[in-house]
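What follows is a short report on a single structure.
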Amino acid sequence: MAKLRSVKGMNDILPADMGRWHRVEAAFRHRAERYGYAEVRTPLLEPTELFVRGIGEVTDIVEKEMYTFEDKGGKTLTLRPEGTASCVRAWLQHSVGGQEPVTKWYYVGPMYRRERPAKGRYRQFHQVGCEIYGDPGPYVDAELIDMVVGFLRELGVLDVEVLVNSLGSGDTRERYREALVAHLEPHRATLSEDSQRRLEANPLRVLDSKAPEDQEAAATAPTLLDFLSDEDRAHFDGVQDTLTALGTPFQVAPRLVRGLDYYTRTLFEVIGRGGDLGAQSTICGGGRYDGMIGDLGGPATPAIGFAMGVERVLLSMPDEAAAAPLDVFVVAEAGVRAPATALARELREAGLRVEADLRGRSLKSQFRRADKSGAPVALVLGEREVDGGGVQLKELGKGTQTSVPRDALVASVREALG
RNA sequence: GUGGCUGUAGCUCAGUGGUAGAGCACUGGAUUGUGGCUCCGGGGGUCGCGGGUUCAAACCCCGUCAGUCACCCCA
């Protein structure tokens, strides 16, 4: 329609939706802070190198989804596609690890990925997430998962599935990868085209392929859990035992894998079953990445984190009536608009949310607006009231109207609002 | 990135070759300072955009852009 449009896949969030956004963000902040996390804000733009090294060169995100460009100084920059790498960079850059034994950070903000937009998937999307540096788990792993479930529950997102897996550590993944390729190679010809490609790039992904021709080869494949070392196994048991102790329902999903290279040991995903989610049903994904900090040149430090898609949380939340954004609507005759403005200011200074129609329209149309605004109280100011030193206070829900003295106005309004 | 479907008023949609419609929303009014219900009126659309076929295109054809669904991937 209009010639000027927002960039494809990047959406405006209009005031009508803002209540829901604020509710999600506020609930997340409060919960994270109750669990001992502190907010961190990192730049939207980072050196491209950070994501190439942090996320992994052969991942889909790095290979084809990043917004990368050269700035005027010739530096290669990238709009952040996720939050974990930036957090690690900031943590290292400011030597936070030397100042405290365990760091717990949370973040809220937009991320950028140049994918084909669909429901629940946009090119600018928003994530809330947490990261913990310096605690090897497994208790903190379970606590993190439980916090996510509690957060979603608070927002009314009850119909979720929590999937948990362990990718092992050290060379577990490598050994498993080799065994898996050895298993799949004889089936190569019957695998789907995608999976034949994945055989080289990321064979673990063949396991959760939806193509029917891949199902058989995947079903008979060795499972990653069989390759765990004793330590990895004990760690994974610890995660499960703690989740059970917390009463958090979960399922072990031995074939759960992710498209980011950095994960080790604990891996989890929260899937929404209800709401308006389409094919993008993953609300939250996360896991341990004990190797990343060392890989980026820092001291070997265990780490775990997750990210949640705010748009997806919103899609899975139940609808609810929006709270009235106003307390009072001031209705004034055209000739007394100046004193009406002063009246509105007085109420606002007292902390009330006040709107007035100052265009000089008929009282009837002002009342119509007052009604639609949702404000429970209308105050009427005309020549008579200005002369008499009072104000008419009308409770729009009840239809009752009383005259209140000007100097008792704030108290009377407060009383009417309950 | 691949395939399917859809683009008509702010929103939800009807209209399938012959002068652009409905409901909701917005807005004015229904006698002298008062909302919600009802009634009457008003504004608002180069029918996504570009090209083609035709005497004539919202309608048929091609392209393009956007949205959406599935795949892929992921939050």
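Note on naming: letters A, B, ... go to the chains in the order of the sequence lines (proteins, then strands), and numbering restarts at 1 for each one. Values below: every heavy atom of this structure, side chains too, minus hydrogens, waters and symmetry copies.
Using a 4.0 Å heavy-atom distance criterion, I283(A) is classed as a sugar-phosphate-only contact. Using a 4.0 Å heavy-atom distance criterion, Q366(A) is classed as making no nucleic acid contact. No engagement by F329(A) is indicated, since no non-hydrogen atom pair under 4.0 Å with the nucleic acid exists. Using a 4.0 Å heavy-atom cutoff across all strands shown, G399(A) reaches at least one base atom of the nucleic acid. Across all strands, A370(A) comes closer than 4.0 Å to no nucleic acid atom at all (heavy-atom distances). Among the heavy atoms of the strands lying under 4.0 Å from G120(A) is at least one base atom, whether or not backbone atoms are also near.
In this structure, CZ of R121(A) is placed 12 Å from P of G1(B), rounded to the nearest angstrom. Atom P of nucleotide G29(B) and atom CG of L363(A) are separated by 11 Å, given to the nearest angstrom. Distance, L396(A) CG to C37(B) P: 13 Å, rounded to whole Å. To the nearest angstrom, C1' of G35(B) lies 11 Å from CD of Q401(A). Between R114(A) atom CZ and C73(B) atom P there is a gap of 19 Å when expressed in whole angstrom units. Atom-to-atom, CG of N11(A) to P of G67(B) comes out at 8 Å; the value is rounded to the nearest Å. Computed from coordinates, the D60(A) CG to U2(B) P distance equals 15 Å when rounded to whole Å. With rounding to whole Å, I61(A) atom CD1 is found 17 Å from G1(B) atom P.
Between the side chain of R80(A) and the backbone N or O of P110(A), at least one donor-acceptor pair lies under 3.5 Å. A distance-only check finds a donor-acceptor pair linking the side chain of Q366(A) to the backbone of R361(A) [under 3.5 Å]. R121(A) contributes a side-chain N or O that, together with a main-chain N or O of R116(A), makes up a donor-acceptor pair within less than 3.5 Å. A donor-acceptor pair under 3.5 Å links the side-chain atoms of R348(A) to the main chain of V354(A), judged by distance alone. Of the possible polar contacts, one joining the H30(A) side chain to the A26(A) backbone as a donor-acceptor pair under 3.5 Å is found.
Separation of the C1' atoms belonging to G45(B) and U38(B) is 29 Å when rounded to the nearest angstrom. For the C1' atoms, the distance linking A58(B) with G28(B) amounts to 32 Å, nearest Å. With C1' as the reference atom, U12(B) and U53(B) are 33 Å apart, rounded to whole Å. Across the P atoms, G21(B) and A9(B) are found 14 Å apart, a figure rounded to whole Å. Annotation: G35(B) and G44(B) have their P atoms spaced 28 Å apart (nearest Å). Comparing the C1' positions of U8(B) and G48(B) gives a spacing of 10 Å, expressed to the nearest Å. When the P atom is used for both A30(B) and G23(B), the distance is 23 Å, rounded to whole Å. U16(B) and C73(B) are spaced 40 Å apart, taking the C1' atom of each and rounding to whole Å.
G45(B): no Watson-Crick or G-U partner with both key distances under 3.5 Å is found in any strand. In this structure, U53(B) forms no base pair with any nucleotide, since neither Watson-Crick nor G-U wobble geometry is met with both distances under 3.5 Å. With a cut-off of 3.5 Å on both pairing distances, the Watson-Crick or G-U wobble partner of G7(B) is C65(B). Figure legend. A25(B) is base-paired to no nucleotide; pairs are counted as Watson-Crick or G-U wobble with both atom distances under 3.5 Å. Nucleotide U32(B) is matched to nothing when pairs are restricted to Watson-Crick or G-U wobble geometry with both distances under 3.5 angstrom. Across the strands present, A70(B) finds its partner in U2(B); the criterion is a Watson-Crick or G-U wobble pair with both atom distances under 3.5 angstrom.
Annotation: of the two residues near RNA chain B, K64(A) and K398(A), the 5′-most nearest-nucleotide partner is K398(A). Comparing G397(A) and E385(A) against RNA chain B, the residue whose closest nucleotide sits nearer the 5' end is E385(A).
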*Can Q124(A) and Y67(A) be said to form a side-chain hydrogen bond (donor to acceptor under 3.5 Å, both in side chains), step by step?*
CA-CA 11 Å; Q124(A) 174 180 280; Y67(A) 283 97; over 6 Å; no
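Taking 3.5 Å as the limit, the base of G3(B) and the side chain of R116(A) contain a donor-acceptor pair of atoms between them.
Atom OG1 of T301(A) and atom CG of D135(A) lie 12.0 Å apart (nearest 0.5 Å). To the nearest 0.5 Å, the span separating NE2 on H22(A) from CD1 on I13(A) amounts to 9.0 Å.
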Letter by letter from the 5' end, nucleotides 23-28 of chain B scores (B base, S sugar-phosphate only, - none; protein heavy atoms under 4.0 Å) ---SSS
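In summary, D295(A) and R53(A) do not engage in a salt bridge, as defined by a charged side-chain N under 4.0 Å from a carboxylate O.
The side chain of K364(A) sits closest to A30(B) out of A30(B), G1(B), U68(B). Here the side chain of D371(A) is nearest to one of U68(B), G36(B), G1(B), namely G36(B).
In this structure, K119(A) reaches the C69(B) phosphate: one of its side-chain N or O atoms is under 4.0 Å from OP1 or OP2. One finds a side-chain N or O of K8(A) lying less than 4.0 angstrom from the OP1 or OP2 phosphate oxygen of A66(B).
Ring-plane geometry between Y133(A) and W91(A) is classed as tilted, the angle between the planes lying from 30 to 60 degrees on a 0 to 90 degree scale.
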